[in-house]
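Structure record follows, encoded as structure tokens.
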Amino acid sequence: MKKKSLKRLGILMITGLLLAGCGAQTASNVTSASESTLQEGKNDQDTEDGTSAGDQNPASEQKEENTMPNNPIDEAIALETSKVDDAPVEATTEEERIPTAEISDKIPIKYINLRVTDCGKIEKITYTSYDYFGDGGEVEKAANIYLPAGYDPAKQYNVLYLMHGIGGDENEWGMTGSTSRVKCIMDNLSYYGDIESFIVVTPNGRSAANHAANGSDFNSFYVFGQELRNDLMPYIESHYSTYASEALAKAGLDAITNQTGDAEADKAAYAAQKAGADKEAINKALQDSRDHRAMAGLSMGGMQTINIGIGECVDLISYFGAFSAAPTSNPAAKTNGILKDNTYPIHYFYNICGTEDGIAYASASAAAKTLPIVCDQFVDGENFMWQELPGNHDFNIWYLGFYNFAQIAFK
């Protein structure tokens, strides 16, 4: 299996080099074929009933018939459209609340069951960003937000920014309804007392006017750090009760106490606040609360966690998770160079990848597996973990990664 995967990866990389020669923006941002030409997540966005979109299309039927595409790129795409979201079983309310979660190679059933009481909720929001990849014009972006059970505006919450893959968008993690697998995991980890629940944000990781899942320029993933720092974090952490909210209010972003319920009026008021706010004070408010912020992602989102989270925003984020990090992830030596003068503590960096993942295993290994050897800011078993296990480039690995990382973050 490994030989076949390596052979397939070689074909994909050759294809990527050919495509790169036909107009990639810069050598550093050229995604190898296993990312630049893949439409990751075309069919793997979860529907509200807990099934994956791939269940409802011919590609899924073809896969179930064990007829794999003969084109290596299509084969890689097929590997990324696996379905794991069966309709969840309703959780019992009679089981004693005993925390039993642990870092594992399998998610226990009780942590993916559907809670109908003592459960969180999902909201969809829109916020103003800019075309950082293009002309800088205003862009309306969407994101999904998981709020813990009993969300209390008077309480402060940690925040995880959870990123999608190259062919997905803010919905790829399935945070679109009550049966969301991410929501089920969070609800149960909190219900049984395994974690102090936190807010989860799934944004769209393309910072461009055209940020659609299909047909947009993949290079817009690489400038997301500007949006994350300047637009997304200030919006989320001034509109929700976080460890940055109070300081942001003092800096001029007082969205929580000034929400009127009129969406358009609130949007205009926030825009006016942001225009007049002290930008340095906003950045300091986010820096001072970095211990309460995490970033993680699958495939291209794993690359963003490494290249942008650790590489550009380590002053704002202290917990990181990369699940099958994509081929353009910074190699360990480059990350070490970036961090050579870093004084911000990295509380944890968790990694997971399937050993049969011909798309990402080699690149994820190069990016993270040797980090504790080349960079003294990572100590295996203390603030670093590399987890590999049999598996492919799919949500079987990624949901497991989320389950494990949710237990690690903010501890």
Side-chain angles (χ1 to χ4, degrees), residues 2 5 9 32 34-35 40 80 101-107 160-166 173 182 185 205 221 293-314 317-339 342 345-411:
K2 286 186 178 179
S5 296
L9 179 60
S32 67
S34 53
E35 285 289 337
E40 176 180 280
E80 297 183 2
E102 58 185 2
I103 306 304
S104 176
D105 60 2
K106 184 177 181 181
I107 307 175
L160 164 62
Y161 294 87
L162 184 63
M163 309 307 298
H164 60 83
I166 195 169
W173 274 101
V182 168
I185 292 171
F221 278 98
R293 197 169 298 115
M295 183 177 184
L298 68 87
S299 196
M300 199 69 153
M303 177 282 295
Q304 289 182 306
T305 299
I306 295 171
N307 294 22
I308 294 171
I310 295 175
E312 298 176 13
C313 299
V314 72
I317 305 166
S318 61
Y319 294 90
F320 305 91
F323 317 148
S324 312
T328 49
S329 301
N330 289 338
K334 183 171 182 178
T335 296
N336 178 52
I338 291 170
L339 294 177
N342 174 50
I346 295 171
H347 294 322
Y348 214 98
F349 182 24
Y350 166 82
N351 294 267
I352 188 171
C353 195
T355 53
E356 281 68 56
D357 187 341
I359 296 167
Y361 181 79
S363 56
S365 298
K369 195 171 182 178
T370 61
L371 265 177
I373 298 173
V374 302
C375 183
D376 61 9
Q377 298 199 34
F378 301 93
V379 179
D380 195 14
E382 292 186 14
N383 73 338
F384 177 89
M385 179 178 178
W386 169 269
Q387 182 180 19
E388 63 179 58
L389 67 164
N392 225 308
H393 199 72
D394 58 35
F395 271 95
N396 290 293
I397 293 290
W398 301 331
Y399 280 128
L400 174 62
F402 176 80
Y403 167 76
N404 286 338
F405 185 65
Q407 299 172 60
I408 293 170
F410 313 119
K411 291 294 179 70

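Between Phe410 and Tyr319, the distance from one ring center to the other falls under 6.0 angstrom. Checked against the 6.0 Å centroid threshold, Phe349 and Trp386 do not count as a close aromatic pair.
The nearest pair of heavy atoms linking Ser318 to Pro345 is CB-O, 4.1 Å. Between Gly401 and Ile352 the shortest heavy-atom distance is CA-CG2, 3.9 Å. Here the shortest heavy-atom pairing between Ile317 and Gly309 reads CD1-CA, 4.3 Å. Among all heavy-atom pairs drawn from Glu388 and Lys369, the shortest one is OE1-NZ, 3.1 Å. Listed here is the closest heavy atom pair of Leu400 and Tyr350: O-OH, 4.5 Å. Considering every non-hydrogen atom in both Glu102 and Asn404, the closest pair reads O-OD1, 3.8 Å.
Without hydrogens or angle criteria, Gln377 side chain to Leu339 main chain gives a donor-acceptor distance under 3.5 Å. The backbone N or O of Gly354 lies less than 3.5 Å from no partner atom in the side chain of Asn396, so there is not a single donor-acceptor pair. Without hydrogens or angle criteria, Asn392 side chain to Asp394 main chain gives no donor-acceptor distance under 3.5 Å. At distances below 3.5 Å, not a single donor-acceptor pair connects side-chain atoms of Ser324 with backbone N or O atoms of Ala364.
The shortest distance between side-chain heavy atoms of Phe320 and His347 does not fall below 4.5 Å. You'll find the side chain of Tyr161 stays beyond 4.5 Å of the side chain of Thr305, heavy atoms only. Between His164 and Phe221 there is a side-chain heavy-atom pair separated by less than 4.5 Å. Residues Phe378 and Asn383 meet the side-chain proximity criterion, which asks for heavy atoms closer than 4.5 Å.
Asp376 CG: 12 or fewer foreign heavy atoms inside a 6.0 Å radius. Atom NZ of Lys411 sits in a crowded spot, with more than 12 heavy atoms from other residues, nucleotides or ligands closer than 6.0 Å.
Using cut-offs of 30° and 60° for the angle between ring planes, the Tyr399 and Phe395 rings count as tilted.
Residue His393 is tested with Trp398, Tyr361, Phe323 for a ring pair (Phe, Tyr, Trp, His ring centres under 6.0 Å); the sole match is Trp398.
Taking CG of Leu298 as the start and CD of Gln304 as the end, the distance is 10.0 Å to the nearest 0.5 Å. The OG1 atom of Thr335 lies 6.0 Å from the CD1 atom of Ile310; values are rounded to the nearest 0.5 Å. For the atom pair Trp173 CH2 and Leu162 CG, the distance stands at 5.0 Å (nearest 0.5 Å). Rounding to the nearest 0.5 Å places CD1 of Ile166 at 10.5 Å from CD1 of Ile359. The CD1 atom of Ile308 lies 9.5 Å from the CG atom of Asn330; values are rounded to the nearest 0.5 Å. Atom CD1 of residue Ile397 and atom CD of residue Glu356 lie 9.0 Å apart, to the nearest 0.5 angstrom.
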